[in-house]
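First up is the structure itself, then whatever we jot down about it.
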Amino acid sequence: MNKKNILKLITGTIMLGMLVGCGGEKKEANGDLDRSKHFITVATGPTSGLYYPIGGAFSKVIKDLGYKSSAQATGASVENISLILNGGADLAITMSDSVAQAYDAFGAYEGKEPAKNLRCLMGLYPNYVQLVTTTKTGIKKFTDLKGKRVGVGAPNSGVELNARMMYEAHGMTYADSKIDYLNYGEAIDQMKNGLVDAVFVTSGIPNATIMELGTVAKTVLVPIEGEGFKKLQEKYPFFVAAEIPADIYDTDGPIQTATVRNIMLIREELPEDVVYDITKGIFENIDGIKASHATSEKHISLENSQIGVQIPFHPGAEKYYREKGIIK
């Protein structure tokens, strides 16, 4: 065989190898997904809150599907948004108000570049704004926070963003109170010692830290209602009125307050076939998610997956929702 024919043979072999390689990649994209090649990190929240067990349940379901996965404790919404944007997490639980501010660069994100690449996997459950105090403080209405020491959440956390908006809606600022930037677990511990008078807790209900407080003191929940709520909703329409039933924390009656939906973000860069597969796998194994908390059992479902979502879905998730007739 002369050199010319040898060269043709070598070139043909290389081309065949390239075609086989390309065919392999196409084959995976078309259905033979190797889940073990993908590590999915789920950003949750502090271990004292609901994000942690619920995010852990998502991670477990994803792991059971054959992916590598871990749940990561974080400072919750604001940190989770940053983790999604910088590639530090693949899924992340966040409050929709924080997401709206980041997406359109207003409020806490004023002056920053709009985060238009944020994508949603699914809506989750409502967070209740729970302004917690005890009978010892004498606080009964929002304006009673004047001059009091108030735990508003970790700086720029989702809880703290909520607290800031609540003060604004009631014609007040942080200067009217003595503000402690503590996460609500730490703040409630301080309340037990008489060092904090009121604490903002934005979470699902019941919240374990509030229930624990009720074992050592008579818990009081301050309502978010009337003109204060009206002004809040006028400026921030993602807030929805709701009530906390009396039997949740053994209060004297139901408490009117504001809620904001939690959603699950997903990193835009994840391949469409992977996101479709994860979305399908989650809903086909939803009992594992529901078992993580009473709030999950009540609210997380395919039927509720679109509630509170004001940003685009990831194309992989959207494909699944169209197949199920949830999105037309």
Side-chain angles (χ1 to χ4, degrees), residues 40-65 69-77 79-80 89 91-98 120-130 132 153 157-159 162 183-185 188 199-215 219 221 240 242-251 254-255 257-266 278-279 281-309:
I40 307 298
T41 301
V42 183
T44 64
T47 56
S48 59
L50 269 65
Y51 281 14
Y52 188 73
I54 293 174
F58 272 88
S59 179
K60 184 180 186 306
V61 167
I62 290 168
K63 192 180 296 183
D64 289 345
L65 291 174
S69 180
S70 68
Q72 176 181 341
T74 70
S77 291
E79 181 180 346
N80 288 355
L91 274 70
I93 306 176
T94 59
M95 287 193 288
S96 58
D97 59 331
S98 299
C120 185
L121 180 71
M122 59 188 290
L124 296 174
Y125 61 91
N127 260 0
Y128 291 71
V129 178
Q130 299 161 81
V132 187
S157 65
V159 175
N162 282 172
N183 71 50
Y184 61 70
I188 285 181
V199 178
F200 281 90
V201 178
T202 304
S203 77
I205 56 174
N207 179 279
T209 58
I210 299 176
M211 293 180 72
E212 185 184 344
L213 175 66
T215 65
T219 303
L221 293 182
V240 177
E243 67 176 32
I244 301 171
D247 61 354
I248 295 293
Y249 299 117
D250 194 26
T251 52
I255 306 298
T257 191
T259 64
V260 60
R261 205 79 181 183
N262 291 293
I263 67 174
M264 180 70 82
L265 294 180
I266 189 160
I278 288 174
T279 308
I282 285 169
F283 286 110
E284 288 182 350
N285 297 276
I286 198 68
D287 287 349
I289 307 294
K290 286 179 171 291
S292 63
H293 193 274
T295 294
S296 302
E297 173 64 35
K298 183 176 181 180
H299 295 286
I300 299 180
S301 67
L302 180 59
E303 293 71 26
N304 292 342
S305 62
Q306 316 296 297
I307 299 175
V309 179

Are the side chain of [X] and the backbone of [Y] linked by a donor-acceptor contact shorter than 3.5 Å?
X      : Y      : answer
Thr295 : Ile205 : yes
Tyr249 : Asn207 : yes
Ser77  : Met95  : yes
Gln130 : Tyr128 : yes
Asn262 : Leu124 : no

Looking at side-chain heavy atoms only, is the closest gap between [X] and [Y] below 4.5 Å?
X      : Y      : result
Arg261 : Val240 : no
Tyr51  : Asn127 : yes
Leu65  : Asn285 : yes
Ile289 : Val61  : yes
Ser69  : Ser59  : yes
Leu265 : Leu121 : no
Ile54  : Tyr125 : yes

Legend entry - Intermediate values then yes/no, side chain to side chain contact (heavy atoms under 4.5 Å, CB included), Ser301 and Phe283: CA-CA 7 Å; Ser301 67; Phe283 286 110; 5.9 Å; no
Inset, instruction - Begin with the C-alpha distance, continue with both residues' side-chain angles, and end with the deciding distance and a verdict on side chain to side chain contact (heavy atoms under 4.5 Å, CB included) for Ile282 and Met122. - result: CA-CA 10 Å; Ile282 285 169; Met122 59 188 290; 4.3 Å; yes
Is the closest side-chain donor-acceptor distance between [X] and [Y] under 3.5 Å?
X      : Y      : result
Gln72  : Thr44  : no
Asn162 : Thr202 : yes
Ser296 : Ser292 : yes

Return the minimal non-hydrogen interatomic distance between [X] and [Y], and the atom names on each side.
X      : Y      : value
Ser48  : Gly185 : OG-CA, 4.3 Å
Ala71  : Gly56  : CB-CA, 3.8 Å
Gly75  : Ser157 : O-CB, 4.2 Å
Ala242 : Thr259 : CB-CG2, 3.5 Å

Spacing of [atom1] belonging to [X] relative to [atom2] belonging to [Y], to within rounding of 0.5 Å:
X      : Y      : atom1 : atom2 : value
Ser305 : Ile263 : OG    : CD1   : 12.0 Å
His293 : Ile300 : NE2   : CD1   : 10.5 Å
Glu212 : Thr219 : CD    : OG1   : 11.0 Å

Legend entry - Atom NZ of Lys290 with >12 non-hydrogen neighbours under 6.0 angstrom: yes
Inset, instruction - Verify the neighbour count for atom OH of Tyr52: are there more than 12 heavy atoms of other residues, nucleotides or ligands below 6.0 Å? - result: no
Inset, instruction - Mind running side chain to side chain contact (heavy atoms under 4.5 Å, CB included) on Val159 and Asn183 for me, showing each step along the way? - result: CA-CA 8 Å; Val159 175; Asn183 71 50; over 6 Å; no
Legend entry - Identified side chain to side chain contact (heavy atoms under 4.5 Å, CB included) counterpart of Ile244 within the set Ile210, Thr257, Val129, Thr251: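 Answer to the side chain to side chain contact (heavy atoms under 4.5 Å, CB included) test with Ile244 among Ile210, Thr257, Val129, Thr251: Thr257.
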Legend entry - side chain to side chain contact (heavy atoms under 4.5 Å, CB included) partner of Leu91, chosen from Ile266, Asn80, Thr41: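 So the option named by the test is Ile266.
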